[in-house]
Protein chains: 2
Amino acid sequence: MKALSIKDIAQKANVSITTVSFIINGKAKEKSISDGVIEKVEKIIEESGYKPNQIARSLRTGNSNIIGLIVEDISNSFFAKIARLIEDKAYKRGYKIIYSSTENSIEKARELINMFKSRKVDAYIISPVKGLEEDIRVLINDDKPVILFDRNLEDIDANYVGANHFSASYQSIENFVQAGKKNIALVTTDIDVLQITERYEGYKKALLDYGLPYNEDLVLKVHFNQDEQETINQIKQLFNNDKIDAVLFATNYLAISGLKVLKQIRKTIGNDFSVIAYDDHEAFELHTPGISTVQQPLEEIAETVIKLILSQLSSKTKLPIQEVIIPAKLIIRD
Amino acid sequence: MKALSIKDIAQKANVSITTVSFIINGKAKEKSISDGVIEKVEKIIEESGYKPNQIARSLRTGNSNIIGLIVEDISNSFFAKIARLIEDKAYKRGYKIIYSSTENSIEKARELINMFKSRKVDAYIISPVKGLEEDIRVLINDDKPVILFDRNLEDIDANYVGANHFSASYQSIENFVQAGKKNIALVTTDIDVLQITERYEGYKKALLDYGLPYNEDLVLKVHFNQDEQETINQIKQLFNNDKIDAVLFATNYLAISGLKVLKQIRKTIGNDFSVIAYDDHEAFELHTPGISTVQQPLEEIAETVIKLILSQLSSKTKLPIQEVIIPAKLIIRD
DNA sequence: CTGAAAGCGCTTACAG
DNA sequence: CTGAAAGCGCTTACAG
């Protein structure tokens, strides 16, 4: 059973495929097709269940009504939630999203961009890895709308939407200091991307401003791709230092590993030991006591990304580059 | 800057596009192209960075090397994890995955199938909603490989991979009974899909087998699409009944709502009150005390799905329908 | 050993 | 008010 084509519809209606095409694309009025013909063709399309072949349309027009979304890991709840919000919003505007995970690998990211390119996606939303600058530049030179989100790249002039990681991290430390904490640890990763280094800078700057010494022994940078067990071991070792009275986890999955450690070594979170996690997670609200978190405004990020993409998609001329920095919110729980 | 086409490569190499096409598709030997020509063309392709236009290829061949994955909600960690595993495995075999969420709406599911159809995906992996039977039947009649997973549909003969929900639910209740529980509650949803009704049936059968009465007041069926606050209120009301000494939550998000209630009403989980949650979640391991869960073997489900899809994709003839039921595991924590 | 040509299903500039 | 025809970039049956 072969699918119907525009030719079949044209034959059934006794008109040319040109006429059918105009009607399908809402250009009937503009091309002054008579009302009778419009009605007849629409009825036949309706009855036959004909759906235009999008592949053929893409080949001809060079676009696809598809936006490519590249994230680090779709199974991370931060990305899963952002993806879902972006999908919803794009869908309402007639765009579909296809997404894929880079797993923080340049090669995989590059392959994904190539795949999207050869599928002629109309625009790219990318949570990039370092080293991808050149590939992104090529897309931009090609006049493809590109929005980076979550993490920016230093050597590139691209649209960007993300939270103010430096200031969120700074505020977290400030909060600890005001509660009288003296030995504040940071658990972060060794990936060299801005949204992580900014959290580190915020940590350092806050210590400096409040006259606390920076102590290397209190900073743990775990290797990005390592086993969780390895991470757990390293955190356990860090927590051997019982001077530590507060800790900021730079990502939600590090915080989860950290909480597992605390459970294992039976250290309780309370007045003597405070925790803040970067990026919320359902486990944090449920935890006893509740875990304070830095919350990025997911809804606002998704909305801004889609708005920027759509305005670029509908604009004939190249729009100026925009960087939108959205404040993150510190939620204190106990 | 227009992208290169096969024509450009043919011109540069002074051969026909037929020759280039054969070389790209690894048919050079079979078509006995001379080694010199192969080398020359491959060098030009390499140097120019030429990538074949997949859209054109799809239009011509009618397939796409893309598998469509339709889930209920990609931001649910069960689906996010399955999606990621399937993506990895498919990727290694040269297939890309595009995924999208139905949000349990027949209309959205139907639109997604149509979108995938018009994009000529090669195969479908679907976590279906009831009412989609006819649409799925059309795909199967069209000789498209289709695998349902997580939940099966009653009136349809399709390949299926999923956990044994009845027996997992039965075992959970058995576990409660053996611990001496008498008033075991069930919190589930009102969606009418097999994987949910089977959990309900398992609950009832276990009570029956162990001589416990079935008490309607102990079963809460919350409405699928309602606000979480509403769910929380209903669970709170259920827990007013302080005879209840154990509760099985039929999904992980219901369990999360339930744990929030327990925290609010300051009821502690322990000897007097036991909890089991269906589908694991990071929050459960971290919870104090740890929450026992029914774990579906994600890895095995993903692997089986991909295997079935690939064997259908590579088989010329229609393969017999297979239903693979994989046991779920009850993990007891405290 | 290699190529000319048809055709996949559309859109659109041009013609009348 | 409507249609014939070119062309998007490929693959492949056929011919030599």
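Keep in mind it's a predicted model, so treat the numbers as computed, not measured. In what follows, chains carry the letters A, B, and so on, assigned in the order in which the sequence lines appear, proteins first and then strands, with residues in each chain numbered from 1.
You'll find the side chain of A/Ile82 reaches within 4.5 Å of the side chain of A/Phe149, heavy atoms only. With contacts defined as side-chain heavy-atom distances shorter than 4.5 Å, the pair A/Leu132/A/Ile113 qualifies. The side-chain heavy atoms of B/Thr19 and B/Phe22, taken from C-beta on, include no pair separated by under 4.5 Å. Here the side chains of B/Leu313 and B/Tyr95 are in contact, with some heavy-atom distance below 4.5 Å. A 4.5 Å side-chain heavy-atom check between B/Val305 and B/Lys89 finds every atom pair outside the cut-off. Within the 4.5 Å cutoff, the side chain of A/Gln322 has no heavy atoms near those of the A/Val161 side chain.
A/Leu4 places its CG atom 11 Å from the P atom of C/dG9, with the value rounded to the nearest Å. Remark: C1' of D/dC8 and CG of A/Leu59 are 4 Å apart, rounded to the nearest angstrom. Taking atom CD1 of residue B/Ile55 and atom C1' of nucleotide D/dG7, one finds them 16 Å apart after rounding to whole Å. In this entry the distance linking NZ of A/Lys7 with C1' of C/dA6 reads 12 Å, nearest Å. Taking atom CG of residue B/Asn63 and atom P of nucleotide D/dT11, one finds them 11 Å apart after rounding to whole Å. To the nearest angstrom, P of D/dG3 lies 10 Å from CD1 of A/Ile23. Rounded to a whole Å, the CG atom of A/Asp8 is 11 Å from the P atom of C/dC8.
Annotation for B/Ile38 and B/Ile33: closest pair CD1-O, 3.7 Å, computed over non-hydrogen atoms.
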Using the 3.5 Å cut-off, write out each protein N or O paired with an N or O of nucleotides 12-16 of chain D and the distance between them.
{"unit_1": "D/dT12", "atom_1": "OP2", "unit_2": "B/Lys27", "atom_2": "NZ", "d": "2.9"}
{"unit_1": "D/dT12", "atom_1": "O4", "unit_2": "B/Thr18", "atom_2": "OG1", "d": "3.3"}

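Remark: B/Ser16 is in phosphate contact with C/dG3, judged by side-chain N or O atoms under 4.0 Å from OP1 or OP2. Distances shown here put every side-chain N or O of B/Tyr50 at or beyond 4.0 Å from the OP1 or OP2 atom of D/dG9.
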Checklist entry - Tell me, what's DNA chain C's dot-bracket, Watson-Crick or G-U with both distances under 3.5 Å, | for other-strand, [ ] crossing? => result |||.||||||||.|||
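Residues satisfying the side chain to side chain donor-acceptor pair (under 3.5 Å) test with B/Asn63, not counting sequence neighbours, are B/Thr61.
Side-chain atoms of B/Val37 lie closest to C/dT2 of the nucleotides D/dC10, C/dT2, C/dC10. The side chain of A/Pro52 approaches C/dC10 more closely than any other nucleotide in the set D/dC1, C/dC10, C/dT2.
Between atom CD1 of residue A/Ile74 and atom OG1 of residue A/Thr102 there is a gap of 11.0 Å, rounded to the nearest 0.5 Å.
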